Amino acid sequence: MIPLLDLKAQYRSIKKEIDEAIQGVLATQHFIMGSEVKEFEEEVRNHIGANHAFGCASGSDALLLALMAIDIKPGDYVITSPFTFFATAGAIDRLGAIPVFVDIEPGSYNIDPHKVREFLEGKSPLSNRLKAPIDKIKAIIPVHLYGQMADMDRIMEIAQEFDLRVIEDAAQSIGALYKGMQAGTIGDFGCFSFFPSKNLGAFGDAGLITVKDEELAEKTNILRLHGAKPKYHHKYVGINSRLDSIQAAVLRVKLKYLEQWSDSRREIALKYNQLFADRGLVSKSFQVCDGGCTIDSSECSAFDEKLLILPVEMTGAPDMSGKHIYHQYTIRSNKRDFLEERLKSSNIGSAIYYPVPLHIQECFRHLGYEKEDCPIAICASNQVLSLPIYPELKDHQLEEVVDVVNSALTAF
Ligand SMILES: Cc1ncc(COP(=O)(O)O)c(C=O)c1O
C-alpha cells in the first residue's frame, strides 16, 4: 500500500513537538487570535520576506479577503486560470464579479501571459465574446500550480500596463521561488492554504494572506475581523475568518521543517524523473521553449501512448534561481485513466488535479465559455496524473510506483 500522501508518517516524525505545542494552547485556553497566531504570522512573514502577513481560516478565505480589500464588486472582471482548484474562481464569483478564464501554458500548467495580453488587447475570441469593458477588468489571480510559480515578470508587466491588481494564489506553493523571490511576495497579495495535505499542512482548515501595501494590509487585517476596529466599531462589512491558535501552534512546529521537506520532495521528483528515463518511458516530443513548450492543442494527443511527459521545470528551474517545491509530481499520459486504474489495483494512490477545467464547470455555464476557449487546459485535464510524493516516501516505494506505471504502459 503506497498512499498518495502519508500524513501519519509525518506526524510520527514530529509527534512530541506537535503534542507539546497543542498542550501549550490548551493550557492557556486562548483559542482565538492568541500569541501563537501572532508569532506564526511573524515567522511566516520573515520566512518568505513579505511586508505583512495575516492568518485566516483557509486559502479560500485568503482569496476572498484579497478581492474584498480591493473592492471587487458585481460587474467587475478578474482574470485567472481555468486549471486550478475551484476556490480561485469561487472567490471571484462570490463577490458578484466575473471570472475571465485565460488558458494555461502546457509546460508549467500556469496561466499563459501571452494569452492574457491577447485578451486585454481585444485580440482573442474571448475578448469579443465577453465584451468586458477595460475599466471593469480589475485584477489577475495567477495560480502557482503544483508548487511551481507562474511567469511573474510578464504578469507584473501586464498588470502595470493595464492597471490590474495582482493576487497570487500560492495555496500550493509556499517556499517556491521565482528568480529568487518567494511565492506570495511579488504581487499585491499572496494567498496561502494550510489544508492538511498542503506542503505546510494544519490539523484542519487554515490559511494566510500576505499584503504588500501598508494601507491594504490594515484593511485586510480588519476585514477578517468583521471589518471592525476597534471591536464593535465596523468600518467595513468584513467576514469572520481567523486562524485558530491550535492550528497556528501546529503550523509553527511544521514551519521549521518546511524547507527540508520541500528539498526532499525535489529530490524525490528528480529520482522519479531518472527512473522513468532509465526505463525509456519519457516522450521527447515535449521541448521547453521560451514561455511555453512545443506542445499545442493540436498536438495534445500526438505523443506516443506508451510514453509519458514528465513535470517540466520552467520558472522553477534552479538555473533561473527558481524552485519548484513539488506540491504535486504530475505526469501526463494518453493512457491516463488506464494508468490510474492499474495503480489503484496495485494499492498505489494517485489523483487527477483537475479533471474538469473551470471554464466548463456547470456553475459557470451562464458565462458562455466554450471548451475551445482553453484547449491546453482541456488537454491537461485529460492527461494529468499526480503520483505519491512526500518526504517519507522510501526509494523502494518510488521504484514500485515506477514499475507499476512501466508495466501498465507496456501492457497494451
Ligand atoms: C490552488 C488553490 N487555491 C485555493 C485553495 C483553497 O484553499 P483552502 O482549501 O485552504 O480553502 C487550494 C486548496 O485547497 C488550492 O489548491
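Keep in mind it's a predicted model, so treat the numbers as computed, not measured. Counting starts at 1 for both ligands and their atoms, in listed order. One-based numbering along the sequence shown.
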Q | Note: Glu399-Lys271 ion pair, threshold 4.0 Å (strictly below) | A | no
**Q.** Salt bridge flag under 4.0 Å for residues Arg45 and Glu42
**A.** yes
(Q) Looking at Glu313 and Arg266, is there a salt bridge between them, counting it only when a charged N and a carboxylate O are closer than 4.0 Å? (A) yes
Q.
Tell me whether Leu63 has any N or O atom under 3.5 angstrom from an N or O of ligand 1.
A. no
**Q.** Heavy-atom nearest neighbour in the protein, as seen from atom 4 (C) of ligand 1, with distance rounded to 0.1 Å
**A.** Asp169 OD2, 3.6 Å
Q.
Heavy-atom pairs closer than 4.0 Å: do any link ligand 1 to the side chain of Leu145, the backbone, both, or neither?
A. neither
Q.
List the residues meeting ring-ring contact (aromatic ring centres under 6.0 Å, His included) with His359, not counting sequence neighbours, and say none if there are none.
A. none
Q) For ligand 1, does Ala87 get within less than 4.0 Å through its side chain, its backbone, both, or neither, judged by non-hydrogen atoms? A) side chain
(Q) Within the 4.0 Å heavy-atom shell around Thr84, which atoms of ligand 1 are there? (A) 1 (C)
Q) What atoms of ligand 1 come closer than 4.0 angstrom to any heavy atom of Thr88? A) 3 (N)
Q | Ion pair Glu340/Arg336, N-O distance below 4.0 Å | A | no
(Q) Listing request: all ring pair (Phe, Tyr, Trp, His ring centres under 6.0 Å) pairs with a residue in residues 29-74, at least two apart in sequence or in separate chains. (A) Phe40-Phe194
Q: Look at atom CZ of Arg252 and say whether more than 12 heavy atoms of other residues, nucleotides or ligands are closer to it than 6.0 Å.
A: yes
Q | atom 14 (O) of ligand 1 [closest protein heavy-atom partner, distance rounded to 0.1 Å] | A | Lys198 NZ, 3.0 Å
Q: Report the nearest protein non-hydrogen atom to atom 5 (C) of ligand 1: residue, atom name, distance rounded to 0.1 Å.
A: Phe85 CD2, 3.7 Å
Q) Nearest to atom 6 (C) of ligand 1 by heavy atom, Ser60, Ala171, Gly204, Ser58: which? A) Ser60
Q.
What protein heavy atom lies closest to atom 16 (O) of ligand 1? Include the residue and the distance to one decimal.
A. Gln172 NE2, 2.9 Å
Q: Using a strict 4.0 Å cut-off to heavy atoms of Val143, name the atoms of ligand 1 that fall inside it.
A: 1 (C)
Q) Got a salt bridge between Asp163 and Lys138, using NZ or NE/NH1/NH2 to carboxylate O under 4.0 Å? A) no
